[in-house]
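Structure record follows, encoded as structure tokens.
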Amino acid sequence: MKRIFATSRIGDPAENRLREHGYELEVFQGPEAPPKTLIIEKVKSGIDALITTLRDPIDAEIFEVGKGSLKVVAQIAVGFDNINRADANKYKIPFTNTADVLTEATAEFGFFMLGMLARKMYSSERLVRDGKWPSWHPFLPFLGDEVTGKTIAIIGTGRIGLAMIKKCSGFDMNILCYDPAYQNHNYIASIQAVMDLRHATGVQKERTWIKYVELEEAMRGADYVSIHVPLLLDIETDKPTYHFINEKMLKLMKPTAYLVNTSRGPVVDEKALAKALKDKVIAGAALDVFEKEPLPADSPLLDPEIADRTRLFHHFASGGQITRLSVDPDKGMAGRTAQAVIDVLEGNYGGDPAKMPYVVNKEAFEEK
Ligand code: NAD
């Protein structure tokens with residue numbers, strides 16, 4: 001009987017699907033991640049498949065003990081910066097992710113974060129809850145900033161960046177796009193055509209626009225900056241994204257601009273951001289991801305002095321019911337993870353990982 005170890009629960013429907021396939025599934029009940037030593041022990045015991053989350057460091061140490069038995073690592077996330085791709089390739093072990101199914105959920109959450117930050121929804125609710133709402137007033141105790149008619153910079157126009165563009169265009173925003181590696185000009189032209197139609201038919205009062213620009217123009221010109229890049233270290237690429245948003249980049253932004261990050265925590269230099277928020281270099285930031293998760297109690301981002309302009313979330317952008325748990329591989333991360341395991345263990349697609357849709361490191365299996 002084929003054996004699977006999951007470092008986290010992925011919900012009853014997907015877990016049952018794997019069991020119904022006749023696999024023996026052992027699940028670490030959590031809710032925290034298991035220690036790496038336990039993962040090593042399980043892999044060493046000869047499991048066929050390992051289901052991981054972004055909390056598990058997966059590298060040569062694990063692939064080495066899985067030599068000859070471990071056939072797939074299936075990650076329940078689109079980001080895979082916790083998996084050492086070079087090591088997986090060296091040991092020729094396919095690993096999979098859950099791209100696409102979380103795209104819309106992550107983008108809509110990013111947009112809601114932006115709205116919550118700019119329109120000061122948290123501060124507003126606090127007033128009501130704390131009994132500190134004095135009276136309706138034209139501008140006291142504070143005002144928020146609209147998104148309608150404003151300009152957003154989308155940094156990274158991959159799946160989630162493009163979905164964010166779609167959401168922002170529906171809110172009558174102008175859009176500056178930046179991506180050094182992938183530019184989808186057809187998509188951008190389609191969005192412009194929709195914007196033009198909305199304006200021409202009177203659905204939208206002001207004409208809005210979208211264009212690709214260089215990084216500096218995007219950072220300087222935006223009222224909102226939204227980050228949609230993967231975490232890439234300098235050993236992996238000549239365009240690393242580690243601390244991509246640093247003191248220098250923050251200084252390019254308008255003092256009235258807001259930053260939204262739903263990508264990965266280490267993409268933002270948190271110390272530099274906290275200082276920029278304190279010194280009012282930028283107007284605010286909404287963060288779903290952090291350099292260290294959960295966010296340590298002594299993080300400068302928790303400074304009460306910047307609480308009014310800093311919104312913080314628990315890596316929750318993909319956290320919709322269907323997105324996380326649907327057993328349908330075209331809808332849910334759990335369903336896609338289970339299907340990815342099945343594809344490898346059943347030898348679907350002629351048993352060729354290079355042809356399997358959810359395998360990330362196809363290059364390790366492609367014929368040269
Ligand atoms: P994707 O690979 O489709 O898109 C990423 C884009 O970033 C690519 O087009 C790439 O060319 C671009 N890019 C790379 N380096 C860049 C740079 N230096 N500057 C600008 N652009 C750069 O990935 P995706 O599916 O859109 O996901 C993006 C990231 O979002 C994931 O890698 C993951 O880390 C994160 N994510 C977070 C959550 C959450 O819950 N907060 C959910 C899903 C994804």
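For the single chain, residues carry numbers from 1 onward in sequence order. The figures that follow rest on heavy atoms only: side chains count, while hydrogens, waters and symmetry mates do not.
- Formation of a donor-acceptor pair under 3.5 Å by the S190 side chain with backbone atoms of N186 is found in this model.
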- Item | Residues L70, I47; criterion side chain to side chain contact (heavy atoms under 4.5 Å, CB included); working and verdict | CA-CA 6 Å; L70 184 65; I47 55 164; 4.3 Å; yes

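- Screening residues 294-312 for side-chain hydrogen bond (donor to acceptor under 3.5 Å, both in side chains), with sequence neighbours left out, gives K278-D303.
- Look at D172 and K205 and you find no salt bridge, because none of the NZ, NE, NH1 or NH2 atoms lies under 4.0 Å from a carboxylate O.
- Environment of CD in E366: crowded, with over 12 heavy atoms of neighbouring residues, nucleotides or ligands closer than 6.0 Å.
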Only distances under 3.5 Å count here; give the side-chain donor-acceptor pairs of residues 55-64 to other protein atoms, sequence neighbours excluded, each with its distance to 0.1 Å.
residue	atom	partner	partner atom	Å
R55	NE	T53	OG1	3.0
R55	NH1	P31	O	2.7
D56	OD2	T7	OG1	2.5
D56	OD2	T53	N	2.8
D59	OD1	K36	NZ	3.0
D59	OD1	E61	N	3.2
D59	OD2	K36	NZ	2.9
E61	OE1	K36	NZ	2.7
E64	OE1	Y91	OH	2.5
E64	OE2	K67	NZ	3.3

Counting only pairs under 3.5 Å, give me each side-chain donor-acceptor contact of residues 215-222, with atom names and distances, residues two or more places apart or in other chains.
residue	atom	partner	partner atom	Å
E216	OE2	R220	NE	2.9
E216	OE2	R220	NH2	2.8

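- Atom NZ of K44 is surrounded by 12 or fewer heavy atoms from other residues, nucleotides or ligands within 6.0 Å.
- Using a 4.5 Å heavy-atom threshold, the side chains of M356 and T96 count as separate.
- The ring-ring contact (aromatic ring centres under 6.0 Å, His included) pairs that include a residue from residues 282-339 are F109-F313, F109-F316, H314-F316, where partners are two or more places apart or lie in different chains.
- Proximity of E346 to H21: side-chain heavy atoms (C-beta onward) are separated by under 4.5 Å at one or more points.
- Other residues, nucleotides and ligands contribute more than 12 heavy atoms inside 6.0 Å of the CG atom of L302.
- The residues E247 and K271 are annotated as not salt-bridged, no charged nitrogen and carboxylate oxygen being separated by less than 4.0 angstrom.
- Listed by first and then second residue, the ring-ring contact (aromatic ring centres under 6.0 Å, His included) pairs involving residues 172-192 are H185-Y212 (not counting sequence neighbours).
- Remark: D130 pairs with R126, K132 by the side chain to side chain contact (heavy atoms under 4.5 Å, CB included) rule, at least two apart or across chains.
- Proximity of a side-chain donor or acceptor of Q29 to a complementary backbone N or O of S8 within less than 3.5 Å is not detected.
- Annotation: E363, atom CD; neighbour count of heavy atoms from other residues, nucleotides and ligands within 6.0 Å is above 12.
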- Just do the side chain to side chain contact (heavy atoms under 4.5 Å, CB included) check on I188 and K211 with the steps written out, would you? CA-CA 7 Å; I188 266 52; K211 58 183 175 182; 6.0 Å; no

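- Ion pairing of E125 with R129 is present here, as a side-chain N (NZ or NE/NH1/NH2) and a carboxylate O approach within less than 4.0 Å.
- A perpendicular orientation is assigned to the rings of F139 and H137, their planes being inclined by more than 60° (bins at 30° and 60°).
- Among residues at least two apart or in separate chains, side-chain hydrogen bond (donor to acceptor under 3.5 Å, both in side chains) pairs with a member in residues 145-154 are D145-Y258.
- S45 and R3 are linked by a side-chain donor-acceptor pair at a separation below 3.5 angstrom, with hydrogens and angles left out of the test.
- Residues I155 and M164 are members of separate hydrophobic clusters, defined by side-chain heavy-atom contacts under 4.5 angstrom among Ile, Leu, Val, Met, Phe, Trp and Tyr.
- W136 belongs to no hydrophobic cluster, as no Ile, Leu, Val, Met, Phe, Trp or Tyr side chain comes under 4.5 Å of its own.
- Considering only residues two or more places apart in sequence or on other chains, Y358 meets the ring-ring contact (aromatic ring centres under 6.0 Å, His included) condition with none of them.
- Note on I154 and M195: same hydrophobic cluster, where clusters join Ile, Leu, Val, Met, Phe, Trp and Tyr whose side-chain heavy atoms are under 4.5 Å apart, directly or indirectly.
- Within a 6.0 Å radius of CH2 in W209, more than 12 heavy atoms belonging to other residues, nucleotides or ligands are found.
- Take V267 and apply the side chain to side chain contact (heavy atoms under 4.5 Å, CB included) test, not counting sequence neighbours, and it matches I227, V229, L231, T241, F244, S263, R264.
- H228 is listed as a side-chain neighbour of T262, based on a closest heavy-atom distance under 4.5 Å.
- Residues that satisfy the ring-ring contact (aromatic ring centres under 6.0 Å, His included) test with F28, not counting sequence neighbours, are absent from this structure.
- Other members of a hydrophobic cluster containing F365 are absent, since no ILVMFWY side chain comes under 4.5 Å of it, directly or through relayed contacts.
- The pair K166-E104 counts as a salt bridge, with a side-chain nitrogen and a carboxylate oxygen less than 4.0 angstrom apart.
- For the pair K355 and Y349, the cation-pi test (distance below 6.0 Å, angle within 45°) is failed.
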